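As the structure is a computational prediction, the values presented were derived from the model and not from experiment.
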Amino acid sequence: MFEVLVYTDCSTQESVNGKSGFQFIASSPGATLSDQTYSCEKLQHPVPMNLPSRDWLEHPATCAYARHGDRMYISRGASTGDTISGRPGNQLTVTVTTSDVTDVLPHRPAQLFTAPDWSFERPHSQCAVPWLAPLEIEEDFEIPALHSFVALDPWSAAALPSVLTMLEQTQATPRVRLVIKHPDQRTVMRWVSLLSHFLDGDAALDLEFRVFAENPLAASAHIVGAHPLLSPTLTVARSRELGVNLLDLEAREHTDVPPSETATRHARWFLSADPFESLDAIETSKRWARSMGSLLAARAAELTTMTSSDRTVGVSELRTAVAAVVALAEAGAVDELEAYGDEFADIIASCPPGGDDEMLSLDAAVRAAGLVGNEELAQSLALAAIEWAAARPTAAAVWAVATANRAGAARLTWPDAEARAHAASLLAGVLSDSAPANLPATFELAQTLNTGISADAIAEPIERLAKLWLHEPGLAARSTRWVECDAVIRAVTACLIAGLSSGDATVIRSFQAGAWAWLAPSPWVFDAAHPLTAWFGARELVGATPERRMEVLATMQLAVAADAWPLFLRTREGLRATEVVSWLKAHRTIDPQLAAEIEAHLSDTRQHPTWAHGGGALVIRALDRVESRELPASLQARSAHQRAVLALFERAAAERKINPNPALDALAEYDDLGGLYGEWIVKAILESADPRHAITLARGHDRELQERMATILERYLRMGRTDMLAISARLLEPDLGAWGDAARRALDTVWDDHSTEKLRAQMLVQIGGHLDDQGRVSLDDYLADQAKGRFTRSAVRRARTLFGADNRGSSWKS
């Protein structure tokens, strides 16, 4: 509804406000004092000062429009002759106003110039009747007539691009006003009406105009009508120096303004296409120009709204559509994307797959649509992108890398289950075609696309990615961003087990370096259902006690391949005999390299002491469980050698009371028994009645076996073994040299320990039946030495060594 105000010279009784002079003589009920004030200041018809007052019928009428706050005002006025007092200079102005934009739109304010309700008769009532919207307009101000008005006039059609450029300059900063000169107000108003349609609705409602203006150069409106009587000297030639653009309809010329590309495009649409379709496209173009460049807006609007145009969608159209989607999304123009999203999607889907740069632009459009919540558009654009990726692996790679570099990308939502399933099938092909180096990024892309693709559908790419990951453990940091991550982890676990089992050096190094530690259970527990836990047992062995190592090996060694021994058996000190024995018994097969290391350990037991104390012999015995064809000849020989040697040691033990012991005598024919059979030799020395033959077996290893014997003797003496005291005494015979010294050191350690006093006394009481005569003498001499004290005893022993003196002490019996 439009409120109405009528302004003219009036008496006090006629005035709405009870004042005489130029006052409002009529007002509709909804008109306010604010409306009156603005109308007085901005919209009144001025009686021209430079035209004869008496010739008021020659005065050009006026029509003005302005927007103030939420109110839109349009007025029409005319000179009416004399005032009430008889002086010339009266005028009557009718102003209508509304706050509802739908009262005007989709028309333009200038078109309301022809509304049938205008009346310039002096009203007979102070209460004006409001105008009901929508207002009717005359046919020659309707769009078809305005179109014919320009399109059928060659000069107007040719001038239109420049005139539209002038219109654009009325909206620019700084603003350049457009002056339209012609003696017929209706003609000027038709041009203003036409040009208003080349703006979007909001801009059209902000477009101020005044037709005619007494001084066009002083008027602030965007468009000003100039009457030749009021502006006789205003010409196109002077317009530039006056700072305005002039469209002189009477002279049919205009300011020389180079047409802009958008103006040229808009003019072409309007002149060559359906006027309603073209003006809809132009309004869209102008509206979008607030969110993007005007040229991009024009191109995008043409693509989406000019359905009558016959075009082939190529890269240029694609780039326009994609750029427009991104711009509208970034500007938060949600309604625009909602209204035109399908058109943009159809254009993009119609374009054949483009280059890598176009793929990145399309990706940006997908993300932009998703960010503003337009799931349908994002889905359509993503589907187009996936189709491109399926057709162009290089573009797919570029897309994937860009996605991977943008960690934390939001996952796509698919409102349409059928579209999602189609995308999943296409994506499976993209993953299958992906080069190995691009697989990690492509799996990240697949995760963000959220197509619901199944692990079964991409089993082959998963397997390839797992193999790549196996040799690039650092990919673990990205794996959580992969589609079907759990399936890839299962695949790489299987590859890891295979690599470890086959002895892949690269895999083993990365495993030992802890690159796969994140797969290990914490705390470690072997689980037969998860074979990798067995391999992580190798990490559990690091730094563990010998007892814990054996416990772990016993738990899981059967779950790993025999060839994996380096991970489990190697230590900084080398192989441990007991662990090798356990491994061989469990697997009953042997890796050639393990066989070589066993041979090396057996050949140099001084570097591996546990192998000398029976460990090596146990390893050789465990070799009997291995297929003989897997053993190198050297180990087969050692095995046969050991069987013969141990048989003689068993015989020597059985005949230990015989002196000389024939089995020990037979063993003396074998070389280097001390390295592997030191325990048996020490046992023979301690248990046989023929220790001298047993001692000869230690040749080459005397010192370590002497120390070993001293350790064993000390342990037994501390246990109160009287038989060991007797053996110690027997070994003290001078001709046994260092062996006797070893026995003496064992005795000294026990006898010098005050805590063993009662134990020693008990053994001396019980020893009588265990000693022969020589043994008694040897023990008596030792006890005499012992009674002299540690310092004196050491000195005497050194003297004996130097001079061969025989210095016996008192009897142990006393």
Side-chain angles (χ1 to χ4, degrees), residues 1-8 10 14-17 23-45 61-78 80 91-146 185-186 188-190 192-197 199-211 275-276 279-280 283:
M1 180 181 292
F2 290 87
E3 302 299 336
V4 180
L5 292 165
V6 182
Y7 186 86
T8 190
C10 62
E14 293 176 306
S15 169
V16 170
N17 299 319
Q23 298 291 328
F24 286 97
I25 195 172
S27 173
S28 62
T32 66
L33 289 175
S34 176
D35 293 333
Q36 294 180 18
T37 301
Y38 189 77
S39 175
C40 284
E41 294 176 353
K42 191 79 174 178
L43 301 167
Q44 294 305 310
H45 170 83
T62 59
C63 181
Y65 170 81
R67 190 175 191 178
H68 181 64
D70 65 344
R71 300 286 268 178
M72 291 153 284
Y73 300 86
I74 184 168
S75 70
R76 289 185 64 184
T80 58
Q91 59 94 357
L92 185 141
T93 301
V94 179
T95 301
V96 296
T97 181
T98 182
S99 296
D100 188 348
V101 297
T102 62
D103 285 348
V104 181
L105 299 177
H107 290 130
R108 297 298 187 255
Q111 290 176 287
L112 304 186
F113 172 79
T114 63
D117 301 273
W118 293 107
S119 173
F120 301 100
E121 297 292 331
R122 192 178 183 89
H124 301 291
S125 170
Q126 292 179 342
C127 184
V129 178
W131 296 2
L132 296 180
L135 300 178
E136 295 181 12
I137 60 173
E138 294 181 11
E139 184 177 353
D140 61 345
F141 272 70
E142 293 279 7
I143 289 174
L146 294 175
Q185 185 183 36
R186 192 176 186 87
V188 176
M189 289 303 299
R190 291 187 80 186
V192 176
S193 298
L194 172 65
L195 294 179
S196 298
H197 278 286
L199 300 175
D200 66 271
D202 284 343
L205 293 179
D206 286 335
L207 182 77
E208 295 185 9
F209 59 81
R210 176 172 281 278
V211 180
F276 289 100
L279 289 178
D280 181 38
E283 179 169 6

Given side chains that start at C-beta, do those of Thr98 and Val104 come closer than 4.5 Å, heavy atoms only? yes
Donor-acceptor check, side chain of Asp35 to backbone of Thr32, threshold 3.5 angstrom: yes or no? yes
Please round to the nearest 0.5 Å and tell me the distance separating atom OG of Ser193 and atom CZ of Phe113. 8.5 Å
Looking only at heavy atoms, what is the nearest atom pair of Phe141 and Gln111, with distance? O-NE2, 2.7 Å
Would you check, one step at a time, whether the test side chain to side chain contact (heavy atoms under 4.5 Å, CB included) holds for Thr8 with Arg122? CA-CA 8 Å; Thr8 190; Arg122 192 178 183 89; 3.6 Å; yes
List the atom of Ala31, the atom of Leu5, and the distance in Å for their closest heavy-atom pair. CB-CD2, 3.6 Å
Judged by atom type as modelled, is there a donor-acceptor pair below 3.5 Å linking the side chain of Ser196 to the main-chain atoms of Val192? yes
Heavy-atom side-chain contact between Leu112 and Phe2 under 4.5 Å: yes
Step by step, would you call His107 with Ile137 a side chain to side chain contact (heavy atoms under 4.5 Å, CB included)? CA-CA 9 Å; His107 290 130; Ile137 60 173; 3.5 Å; yes
Just by distance, with hydrogens left out, do Asn17 and Ser15 show a side-chain donor and acceptor under 3.5 Å apart? no
Contact summary for Leu132 and Leu135, nearest pair of heavy atoms: O-CD2, 3.4 Å
If you measure from CG on Leu205 to CE on Met72, what distance do you get to the nearest 0.5 Å? 6.0 Å
With no hydrogens and no angle check, is any side-chain donor or acceptor of Glu208 less than 3.5 Å from a backbone partner on Ala66? no
Short side-chain to backbone donor-acceptor contact, Asp117 and Trp131, under 3.5 Å: no
Atom pair CZ/SG of Arg210 and Cys63 - distance to nearest 0.5 Å: 9.5 Å
Tyr38 six-ring centre to Arg71 NZ/CZ under 6.0 Å and within 45° of normal: no
Would you sort out whether Phe24 and Thr95 count as a side chain to side chain contact (heavy atoms under 4.5 Å, CB included), showing the intermediate values? CA-CA 10 Å; Phe24 286 97; Thr95 301; 5.7 Å; no
If you round to the nearest 0.5 Å, how far is CD of Glu14 from OG of Ser125? 11.5 Å
Value for OG1 (Thr114) from CD (Glu136), rounded to nearest 0.5 Å, stands at 9.5 Å
Please confirm whether the backbone N or O of Gly201 pairs with a side-chain atom of Glu283, one donor and one acceptor, at under 3.5 Å? yes
Measure the spacing between NE2 of His197 and CG of Leu279 and express it to the nearest 0.5 Å. 6.5 Å
May I have the step-by-step check of salt bridge (Lys or Arg N to Asp or Glu O under 4.0 Å) for Arg190 and Glu142, ending in yes or no? CA-CA 9 Å; Arg190 291 187 80 186; Glu142 293 279 7; over 6 Å; no
Donor-acceptor contact below 3.5 Å, side chain Gln126 vs main chain Ile25: no
As a quick check of understanding, evaluate side chain to side chain contact (heavy atoms under 4.5 Å, CB included) for Trp118 and Val96, giving each step before the final call. CA-CA 9 Å; Trp118 293 107; Val96 296; 4.0 Å; yes
Hey, are the side chains of Tyr7 and Gln36 touching, using non-hydrogen atoms and a 4.5 Å cut-off? no
At their closest point, which heavy atom of Ala133 faces which heavy atom of Met1, and how far apart are they? CB-N, 4.1 Å
Going by atom types only, do Thr93 and His45 share a side-chain donor-acceptor pair under 3.5 Å? no
Flag for Glu3-Ser28: side-chain donor and acceptor within less than 3.5 Å: yes
Side chain of Gln44, backbone of Ser39: donor and acceptor closer than 3.5 Å? yes
Ring centres of Tyr65 and Tyr73 under 6.0 Å apart? no
